[in-house]
**Student:** 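Here you go, one structure.
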Amino acid sequence: MSGPLICRSLRGRPDWTSLVPALLQGKGVRWREAKLDTHDVAIPLPSIGGQSQRVLRAILLSPSDVGKDECRGRIQRLSRLSGGQDVAIVFLLKQEQGQMSATAALMTLQLDLVGEFEMPVIPVNSVQAVPTNLMAFHRQISTGSGSPKTANPAQSLLPYCSDRPPLPEHAVNVLTDITSNIRDLLDTASTPAGQIKMAEFLGDSSQSAISF
């Protein structure tokens, strides 16, 4: 593979229609449009010595995809590529009318991955942010022999457990210390005693997490 590829089928997916022309017309990285059966993006990675060509492969998901059999099937197929190495999910934090919140959808997706699929999820606030965030992740794994270790799902989700995400880093660190997992956080935030405990440790930031 001589350069990064973007799947042409994205032109027919409403959330991602603008991404293909934006990448093809962008400056710097030269993208090419192609038919990709199991993923949406393919970016070559540096190979060391006599190693075979490594490729970062990613699928692009939005809140409307979460919970559907098709979505789970796409994740399963992605996880089988390259032994589950050098793969990722790009998730669009887009609020859609009549759908669960983007943050709740991200949480649902992450919880669905726990214990079965180990792959990073890259949240993006807009389609325009995809190239920057994706290439930053590409640079990160280009320096190693494989994908970085998947973060603890709770740690990945905590910044978004707020009605005004992301939570400050200090608040995330505190929540990590006083709760053991996402379920524990939800239980803590839903009881008076737990809310008092959060207020003691978090101060002003506690209300954002409790409201979530």
**Student:** Can you find a heavy atom in the side chain of W31 that is under 4.5 Å from one in the side chain of P131?
**Tutor:** no
**Student:** Using every non-hydrogen atom in the two residues, find where L113 and V121 come nearest and quote the distance to one decimal.
**Tutor:** CD1-CG2, 3.6 Å
**Student:** Taking side-chain contact (heavy atoms from CB on, under 4.5 Å) as the criterion, tell me which of L23, V29, I43 meets it with L134.
**Tutor:** I43
**Student:** Under the rule for side chain to side chain contact (heavy atoms under 4.5 Å, CB included), what residues qualify as partners of S79, not counting sequence neighbours?
**Tutor:** F117, M119
**Student:** Can we say D86 and R57 salt-bridge, meaning some charged N sits less than 4.0 Å from an Asp/Glu carboxylate O?
**Tutor:** no
**Student:** For N133, enumerate each residue passing the side chain to side chain contact (heavy atoms under 4.5 Å, CB included) test, keeping only those at least two apart in sequence or located in another chain.
**Tutor:** I122, V124, A129
**Student:** Can you name the closest pair of heavy atoms from L92 and N125 and give their distance?
**Tutor:** CD1-C, 4.3 Å
**Student:** Sort and list the pairs that fulfil side-chain hydrogen bond (donor to acceptor under 3.5 Å, both in side chains) and have at least one residue in residues 37-46, not counting sequence neighbours.
**Tutor:** R13-D40, K35-D37, D40-R74
**Student:** Heavy-atom distance under 4.5 Å between the side chains of L24 and P21, does that happen here?
**Tutor:** no
**Student:** Closest heavy-atom contact between A58 and V90?
**Tutor:** CB-CG2, 4.4 Å
**Student:** With sequence neighbours excluded, what pairs up with Q128 under the side chain to side chain contact (heavy atoms under 4.5 Å, CB included) test?
**Tutor:** S126
**Student:** Should V41 and P4 count as side-chain neighbours, where that means a heavy-atom distance under 4.5 Å?
**Tutor:** no
**Student:** Can you list every salt bridge (Lys or Arg N to Asp or Glu O under 4.0 Å) pair that touches residues 120-131, not counting sequence neighbours?
**Tutor:** none
**Student:** Residues in side-chain hydrogen bond (donor to acceptor under 3.5 Å, both in side chains) with R72, at least two apart?
**Tutor:** E116
**Student:** What are the two closest non-hydrogen atoms of A105 and F91, and how far apart are they?
**Tutor:** CB-CZ, 3.8 Å
**Student:** How close do A88 and L78 get, counting heavy atoms only, and between which atoms?
**Tutor:** O-CD2, 3.4 Å
**Student:** Could you tell me if the side chain of I59 sits less than 4.5 Å from the side chain of I75, heavy atoms only?
**Tutor:** yes
**Student:** Check this for me: R11, atom CZ, are more than 12 non-hydrogen atoms of other residues, nucleotides or ligands nearer than 6.0 Å?
**Tutor:** yes
**Student:** Looking only at atom types and distance, does a side-chain atom of Q53 sit under 3.5 Å from a main-chain N or O of L45, one as donor and one as acceptor?
**Tutor:** yes
**Student:** For the residue pair F137 and P120, what are the closest heavy atoms and their distance?
**Tutor:** CZ-CG, 3.7 Å
